[in-house]
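First up is the structure itself, then whatever we jot down about it.
Here is the naming used below: chain letters follow the sequence lines, and residue numbers restart at 1 for every chain. Bear in mind that the values here come from a model prediction, so they are computed numbers and not experimental data.
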Number of protein chains: 2
Amino acid sequence: MTLRHAVLVALLGTEAAGYQLVKAFDVSVANFWASSPQQIYAELPKLEARGLIAGREVVQTNRPNKRVYTLTKAGRDEISNFIATASKPSIIRDDLVVKVFTTGDDARDDAQIASELDQRATECQARADLFTQILRSMLGDRTELEYLQNEQRIGPYLTCRRGQLFEQDNARYSRWTAEAIRARLRGQTIPGIPLSDPRSSISEATPLPNVTSHG
Amino acid sequence: MTLRHAVLVALLGTEAAGYQLVKAFDVSVANFWASSPQQIYAELPKLEARGLIAGREVVQTNRPNKRVYTLTKAGRDEISNFIATASKPSIIRDDLVVKVFTTGDDARDDAQIASELDQRATECQARADLFTQILRSMLGDRTELEYLQNEQRIGPYLTCRRGQLFEQDNARYSRWTAEAIRARLRGQTIPGIPLSDPRSSISEATPLPNVTSHG
DNA sequence: TTCGTCATGTAATGCGTTACATGATTAA
DNA sequence: TTAATCATGTAACGCATTACATGACGAA
């Protein structure tokens, strides 16, 4: 039951209509809680019925009218409550990795999988680059350190960073795996991938990449 | 509708009972398709009814009897079919990152979140280490390169690698974020985290870590 | 004698996905 | 005139989660 909480936190510090939330989910909340427009639209009346958000009609000319929602006190309490409850482990759902699991069973399937991995790598890299842009525009002319020290709501920055990291990681894995599968299909050595790098764990050695330098 | 496919691929090359599948999901399939025991048990009769798997009773003494399932020809075709269909983007669901999104709204909540991040980092690292062990036992005395060249079914290795990478990445993110939040709460600089590292993108510079060296 | 493992479920409820539906405005 | 954006849904179905349930064996 966390779509509820995902919607509530999206309303922290800003009122928004359903359509705006749908758009906001695309670039921020989707990084940790992917949801379809239908789900979001369906959730809003439920939250309002429970008194966690309050909606009001906004009449527009040249545009359809819309219903704009704000967090209530009860909604804020629900968020704090949620934060006080133990988190469940993260879960991934990935069709493509289900396919990777079959690798070695059928050569034609393997070729298909490798080409889908290439495509996935490109998509992930594109999304990662988008996140890098968003992060840099959040920073303005400040360094990340300055931003994290001075900005009051750093949450959106930190979660966008999560999305960036996930996409980069996914792109990296997809490229590596595509090469491994294809090299086998050719019966050749795996080119251009330093599999024998002496580092055993990325976790201690590698800092998070910098957003400020480069594009 | 991919739990179906996750179960089918788990039966590639080996017959298994429900209980065994539940256990297998824990350490391998869960890395890309997390599912509860109840879901798996419920899925098996459905797959059998569709003719994608065949079950037979195995009578045991000293143990409850069990029903063991094998892929049918139709099941294999269903897998190939699935592979030929375009994959959906990966999705993450992560409670804790929903909480991170709120950071900056309430200091007490922030402290709570930072401490949950510490815990998460530890759990992820433990799981990553477990995967490293599993990977090394798959390799035996071969290098990864040798393994990928010579073993016929490399799928389970590649997906375990995915799990390892995800857990390491998640641990790294959790540590970094916990520090960022806590440093702000103290009003201090962020210690020990090289935020200003000149590398802009992890994806091109960093190879996948090696499994063979270290423990 | 208590816990963990083996072995398998049911039932209720709620969440999520897919397909379908509408209708105006504005930019290419 | 075609597509994209704004704005919001309904309906059907199937998937997922939570709680509950059973019962024997073996190890500590």
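- Note: CZ (B:Phe25) to C1' (D:dA16) measures 14 Å, nearest angstrom.
- For the OP1/OP2 pair of D:dT17 and a distance below 4.0 Å, the side-chain nitrogens and oxygens of B:Gln38 include no atom meeting the criterion.
- Between the C1' atom of D:dG14 and the CD atom of A:Gln39 lies a distance of 14 Å, rounded to the nearest Å.
- Nucleotide C:dG16 holds its P atom 20 Å from the CZ atom of B:Arg4, rounded to whole Å.
- Computed from coordinates, the B:Lys66 NZ to C:dG9 C1' distance equals 17 Å when rounded to whole Å.
- Applying the 4.0 Å criterion to OP1 and OP2 of C:dA7, one finds that B:Gln60 has a side-chain N or O inside that range.
- At the phosphate of C:dG9, neither OP1 nor OP2 sits under 4.0 Å from any side-chain N or O atom of B:Tyr41.
- Atom NZ of B:Lys46 and atom P of D:dC13 are 15 Å apart (whole Å).
- Of the possible polar contacts, one joining the A:Glu116 side chain to the B:Ser87 backbone as a donor-acceptor pair under 3.5 Å is found.
- OP1 or OP2 of C:dT8 has not a single side-chain nitrogen or oxygen of B:Tyr19 nearer than 4.0 Å.
- Dashed line: the shortest gap from a side-chain N or O of A:Lys88 to OP1 or OP2 of D:dA16 is not under 4.0 Å.
- A straight line from CD of B:Glu48 to P of C:dG9 spans 10 Å, rounded to a whole angstrom.
- For B:Arg93 and B:Ala42, each mapped to the nucleotide of DNA chain C holding its nearest heavy atom, the one lying further toward the 5' end belongs to B:Ala42.
- Taking both residues in full, the closest heavy atoms of A:Gly104 and A:Arg184 are given as CA-NH2, 3.9 Å, listed atom of the first, atom of the second, then distance.
- Closest approach of A:Leu165 to B:Asp169, counting heavy atoms only: O-OD2, 3.8 Å.
- When the P atom of C:dT10 is taken as reference, atom CG of B:Leu44 falls 12 Å away, rounded to whole Å.
- A:Arg162 forms a cation-pi arrangement with B:Tyr173, by the criterion of a distance under 6.0 Å to the ring centre and an angle within 45° of the ring axis.
- For A:Leu21 and D:dG9, the CG to C1' distance is 15 Å, given to the nearest whole Å.
- Nearer to the 5' terminus of DNA chain C, by closest-nucleotide assignment, is the contact made by B:Lys23 (compared with the other of B:Lys23 and B:Pro45).
- The side-chain tip of A:Arg153 points at the ring of B:Phe101 from less than 6.0 angstrom away and within 45° of straight on.
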Full working for side-chain contact (heavy atoms from CB on, under 4.5 Å) between A:Phe131 and A:Asn31: CA-CA 10 Å; A:Phe131 289 139; A:Asn31 297 323; 3.0 Å; yes
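- At least one donor-acceptor pair closer than 3.5 Å links the side chain of B:Thr143 to the backbone N or O of B:Glu146.
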Per-nucleotide protein contact string for nucleotides 22-28 of chain D (B base, S sugar-phosphate only, - none; heavy atom under 4.0 Å): -B-SS--
